Trainee: 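Got a structure for you, questions after.
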Amino acid sequence: MQHFLSVKDADSVESLLAQAQYCKKNPFADQALGKGKRLGCLFLNPSMRTRLSTQIAAQQLGMEAIVFNVSAEGWSMEFEEGAIMNGTTVEHVKDAAPILGQYFDILAVRTFPGLQDRATDYAEKILNQFVKYAGIPVMSLESATRHPLQSLADLLTIQEEIISHPANFSTRKPRIVLSWAPHIKPLPQCVANSFAEWVTHWGQAEFIITHPPGMELDQTFTKGAQIMHDQQSALAGADFVYVKNWSGVQQYGKMAEGNTHSWMLTPEHLANTNQAKVMHCLPVRRNIELSDQVLDSTVSLVNKQAGNRVWAAQAVLKNLLQQHG
Amino acid sequence: MQHFLSVKDADSVESLLAQAQYCKKNPFADQALGKGKRLGCLFLNPSMRTRLSTQIAAQQLGMEAIVFNVSAEGWSMEFEEGAIMNGTTVEHVKDAAPILGQYFDILAVRTFPGLQDRATDYAEKILNQFVKYAGIPVMSLESATRHPLQSLADLLTIQEEIISHPANFSTRKPRIVLSWAPHIKPLPQCVANSFAEWVTHWGQAEFIITHPPGMELDQTFTKGAQIMHDQQSALAGADFVYVKNWSGVQQYGKMAEGNTHSWMLTPEHLANTNQAKVMHCLPVRRNIELSDQVLDSTVSLVNKQAGNRVWAAQAVLKNLLQQHG
Amino acid sequence: MQHFLSVKDADSVESLLAQAQYCKKNPFADQALGKGKRLGCLFLNPSMRTRLSTQIAAQQLGMEAIVFNVSAEGWSMEFEEGAIMNGTTVEHVKDAAPILGQYFDILAVRTFPGLQDRATDYAEKILNQFVKYAGIPVMSLESATRHPLQSLADLLTIQEEIISHPANFSTRKPRIVLSWAPHIKPLPQCVANSFAEWVTHWGQAEFIITHPPGMELDQTFTKGAQIMHDQQSALAGADFVYVKNWSGVQQYGKMAEGNTHSWMLTPEHLANTNQAKVMHCLPVRRNIELSDQVLDSTVSLVNKQAGNRVWAAQAVLKNLLQQHG
C-alpha cells in the first residue's frame, strides 16, 4: 500500500478486513512497528470520530500522532497552480506539503468538497496535491469524493454481524441496501460513493442503492449495484440498510426537489426487511434522516460502526508502516 | 468512585486529600496504573488550568490524554430528548457519548450553565447525559452547578497552610470566609457552590459565606454554613478568605443591583482578619474582584491553588482507574 | 543558556550550530534528558512550522509537549501593569505565567508585534513578562522583534550548503544578501532582524541588506551589515539570497510607498549572482514575494530551511534541559 485514498489501494478487501479484525483482538501487538514514527493529521475540515479513532490507532501502534486543525489554528491554504497570492490564502500546498513530508512519516488529510464545481471536486484536486508534493504516504481521512476509512469500518461491522449469525448467510449472500435520506442541507457524496465502491469490490453481497430520481451517484462508484427509485421495493428482504443523505451529482450540490420526508427511515420502513440491521456513519440528524425509534433500538449498528473506525484506521496505518518502514 | 461529579462521589474528603498529597510527593509512582488507558477530555467551554492540569495528571499516571474542544473543532451538540434536528446542532449526545465511551477509559467533560433557565442548569442536564450514555466513568471538569476538582485543590491548599502553621490551629478550627466579589458580567455559581459543599462535608472549619442581599446561593450547597450580609463582620477573625463572584440564583443569572465596588477585596478588608490568606480560583479580574495589592502580596494563595489542581486531578483519576481497572 | 530569546543567549553561534548538526544525525540520542520533563507551547499567534517542529524536537528529546492556542481555545490575556480589568481580557499574565511555570519545565511562547506602537513592541513587553513571571526557562517561538529559532535553522542550512561545496568557499567568505520583498500587507521585522543579528554574530560571511529607501531595519540588529538601496548591485556575486518582506521601522508598521513589484525575486534577479541559493522562512506569498520559477527550481532552499527548524529547536531545548536539569 503506497497511499490509502480509495479501495483501489487495498491489496484485497478481505485481507484488509482480516487485518482490522486482528488489530481489534490485539490492539497493542504492533507497538514496535510504529516506535519513533510520526503521523501528521491535517484537518482542513472538522472531525470528531475520524480524528479520535485515527489518533488512537496511531498510539496503539506506538506512533506519535500530531493533530493540526488548519482553519482553527489560523492557516488558509492555496491550491491553484501559478496563483498570484495577493488574496486571503497565506501558504501554497506546494510549500506546505513537502515540509509536512519532512516532519512526518505518514500524512493523514481530511478535506471536504466545495460542492460548487464538480470537476474540481471529482478530480480530488486538494488530496492529490498532498500526494504529489508531500513525498510520504498519504492517508485519506475523507476527501472530496470518498471516505474509505469509513467504508472499511462499515464492512468490518457487516462482517461481524454475518459471522455472529452464520445460519442466516450459509446459503446466500446478504442483501445490503444503501438508502438515501433527507437532510436540511446539501451534503457530499463521499460516504455513499465509498460505501458503494467498497461493497462492490468486496463482492460478497447483493447490493442495492435506492434514492429519489435526480439523486443518482456517479457511475464510477456504483458500477455493479442495482439502482431503484422505489424505496419500499428496495428495502424488501434487506439484511442491512445503510442510511445516508447525499446531494445531487448531476445538479451538482443541489438538494432533492419536493417533500422527501417519507424517505426518513422509521420502524415502518423495516417491516418487510429480513430483520435488517440499520447503519449510518454519524453524525446523524435524528428525526430527519432516521427516527429515534430506529436509532434507539437494537437494530442500530451505528455505535459498532463508530467503534470499528479505530480498527480500520489501525489496519491501514499498519499496512503503510510495513510498506514504508 | 464510579464517577466524579461532586463531593458525594468521594468516599471521604480526608482520604481524597491524603491521596492528593501522596500524588504530589510521588508524581510518577503510579505510571503502571494508567498504562494503555486513555482519558478523553471534552471541552464544551474554554479552559486553561483545568485542561492543562488534567492532561498533566493523566500523563503522570501513564495514561494517554486526548483533548477535544467541541466548539473550536467545529461540532455543535444536541441535548434535547426527541429533538427533530433541523437546526444548528449536528450531533446528539445520545450518539456521541457511547462512542466516546468506546474510545476512552475515562471521559472528562467541561460544560458551563446557560444561566438562562435555572431548572435546566440545576438538573445538570448536559453532564448527566454524558453519564447516562457514555457507559464509562465520567469526571467533571466543571459543570452547570459545580466545580469539584477546583474545590479539592482548594481544600488541599488550605490543609497545607494548616499543616505548615500547626500552632495556629492546635486548639481551634480555621475560620474560612467565602466572600462574594464584584464582576463585569453574571458568572456561574459553580465554584462557590462546590467550595461550600466541600468545606461543609470536610467539617474541619468554621465556615461563613458573605454576599450582598439577593446573591444567595442555593441551600443545597450552603447547608451548614453561616450566611452574613455584612462583609466586614464576616471577615473579622478570618484565617482564609475565598473571593469569588457569582450571579443571582433567585433572580437567575442576574447581577447584583447597585454599586458593589466596596465588595472588591483590598488590604483594608483584611485589617481585622487573623492575618488571613486570600484565595481565588482564577482567572481573576484584577482591580475588579481583588486589588493588585492583595494579589501581589504574600497573603495570596492563588498560585498554590492552581498548582494543586494537578494533584487534585491525579488523585481523582487514580481513584477512577483503581475502581475500573 | 537561561532563556532563549535572541542570539545573545547562545554561548556561541558555532557551538549551537554544531549541536543542531549532532541532533540531526542522532535524533533520539538524548531521550533520557527530557524524560519526565514537560514543555508548554503557548501560542498567542498562529503557527504551523514552528509549532510542529518544536513539538517534534521535544518528543525526540523524550519530553511531553503540550500545545495551548490562547485565542482559539478561548482566552484573552492582559499585559498592562495595574490594569483595571473591566474589558475583554480575562486573565493577567502575572497570574497565568506563574502557573505555567508550575505546570511546565520549559515554556515556549509565540507572540507577534501589534505594529501600532513601536516602543511597546521593541521593549518586547509580552515576551518579557512571561520571562519575568513564569520562573522557568522561556524559549521564544517568535516575538515582537525577533525569531531566533528561524535564524538558527537558516544558518544551519547555509552551513550545510557551504560544507557540501567546499571548493567555493575555501578562499573567501560566502556573500549573503537579505533582500526585501513586496507583500500585500505590513509584516513584522522579526525574521529580518534576527537573520541580520545571527549572521553578524556568526561573523563567517560578507553580509548585505538591500531594501527600498524608507524600509530600514533598526540599527540594533543591522550593525555590521552593509545596507544598499540598489537591489541589482546588492545581488551581484551573491551566494545566498534571503528574501523577506518587512514593514517600516521608522514609519512604523507602514508599507513601502510606490510600486515595489520589481523587488519580487525572479530568475532574472539571479543572473549576476554566484549561482545563488534562495531562502525564505515561509509561509511565502508566491508570485508576490518570489516567483514560482525561483521557488520551484533547484536554487530554492526553503524546504531545507523548514526541515532544519526541528534541529534548531532540538539543540535549543537540549541546552535548556542541560542547564536546568
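Here the structure is a predicted model, which means the values were calculated and not measured.
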Trainee: Side chain, backbone, both or neither: which part of B:Gln60 has a non-hydrogen atom closer than 4.5 Å to chain C?
Mentor: side chain

Trainee: Just wondering, do B:Asn287 and C:Met85 contact through their side chains at under 4.5 Å, heavy atoms?
Mentor: no

Trainee: Please test C:Gln102 against B:Asn303 for side chain to side chain contact (heavy atoms under 4.5 Å, CB included), starting from the C-alpha separation and ending with a verdict.
Mentor: CA-CA 9 Å; C:Gln102 291 180 81; B:Asn303 289 342; 3.8 Å; yes

Trainee: Could you tell me the separation between the CG atom of C:Leu42 and the CE atom of B:Met48, rounded to the nearest 0.5 Å?
Mentor: 8.0 Å

Trainee: If you count every heavy atom of other residues, nucleotides or ligands that lies below 6.0 Å from C:Lys94 atom NZ, does the total exceed 12?
Mentor: yes

Trainee: Is chain C contacted by the side chain of B:Ser53, its backbone, both, or neither, given a heavy-atom distance below 4.5 Å?
Mentor: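 Both the backbone and the side chain of B:Ser53 come within 4.5 Å of chain C.
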
Trainee: Around B:Glu257, counting heavy atoms of other residues, nucleotides and ligands shown, do more than 12 lie under 6.0 Å from its CD?
Mentor: no

Trainee: Once you round to the nearest 0.5 Å, how far does CG of B:Leu282 lie from CG of C:Asp95?
Mentor: 5.5 Å

Trainee: Can you tell which of B:Arg49, B:Arg286, B:Arg285 makes a salt bridge (charged side-chain N to carboxylate O under 4.0 Å, His left out) with C:Glu91?
Mentor: B:Arg49

Trainee: When you measure from the side chain of C:Tyr103 to the backbone N and O of B:Ala306, does any donor-acceptor pair fall under 3.5 Å?
Mentor: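 Judged by distance alone, yes, a pair lies under 3.5 Å.
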
Trainee: With sequence neighbours excluded, what pairs up with B:Glu64 under the salt bridge (Lys or Arg N to Asp or Glu O under 4.0 Å) test?
Mentor: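 Applying salt bridge (Lys or Arg N to Asp or Glu O under 4.0 Å) to B:Glu64 gives none.
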
Trainee: Between chain B and each of C:Gly40, C:Gly101, C:Ala96, C:Pro98, count heavy-atom pairs under 4.5 Å; write down the option with the most.
Mentor: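 Answer, by heavy-atom pair count under 4.5 Å with chain B: C:Pro98.
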
Trainee: Once you round to the nearest 0.5 Å, how far does CD1 of B:Ile184 lie from CD1 of C:Ile84?
Mentor: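 Rounded to the nearest 0.5 Å, the CD1-CD1 separation comes out at 13.0 Å.
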
Trainee: So which residue, B:Leu295, B:Asn45, B:Leu52, B:Ile56, ends up with the most heavy-atom pairs under 4.5 Å with chain C?
Mentor: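 Looking at each option in turn, the highest pair count goes to B:Ile56.
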
Trainee: Is B:Asp292 close to chain C through its backbone or its side chain, or both, or neither, when contacts mean heavy atoms under 4.5 Å?
Mentor: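 Just its side chain gets close to chain C.
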
Trainee: Which is it for B:Arg51 and C:Ile66 under the side chain to side chain contact (heavy atoms under 4.5 Å, CB included) test, yes or no, and what are the steps along the way?
Mentor: CA-CA 10 Å; B:Arg51 182 201 127 176; C:Ile66 295 182; 3.2 Å; yes

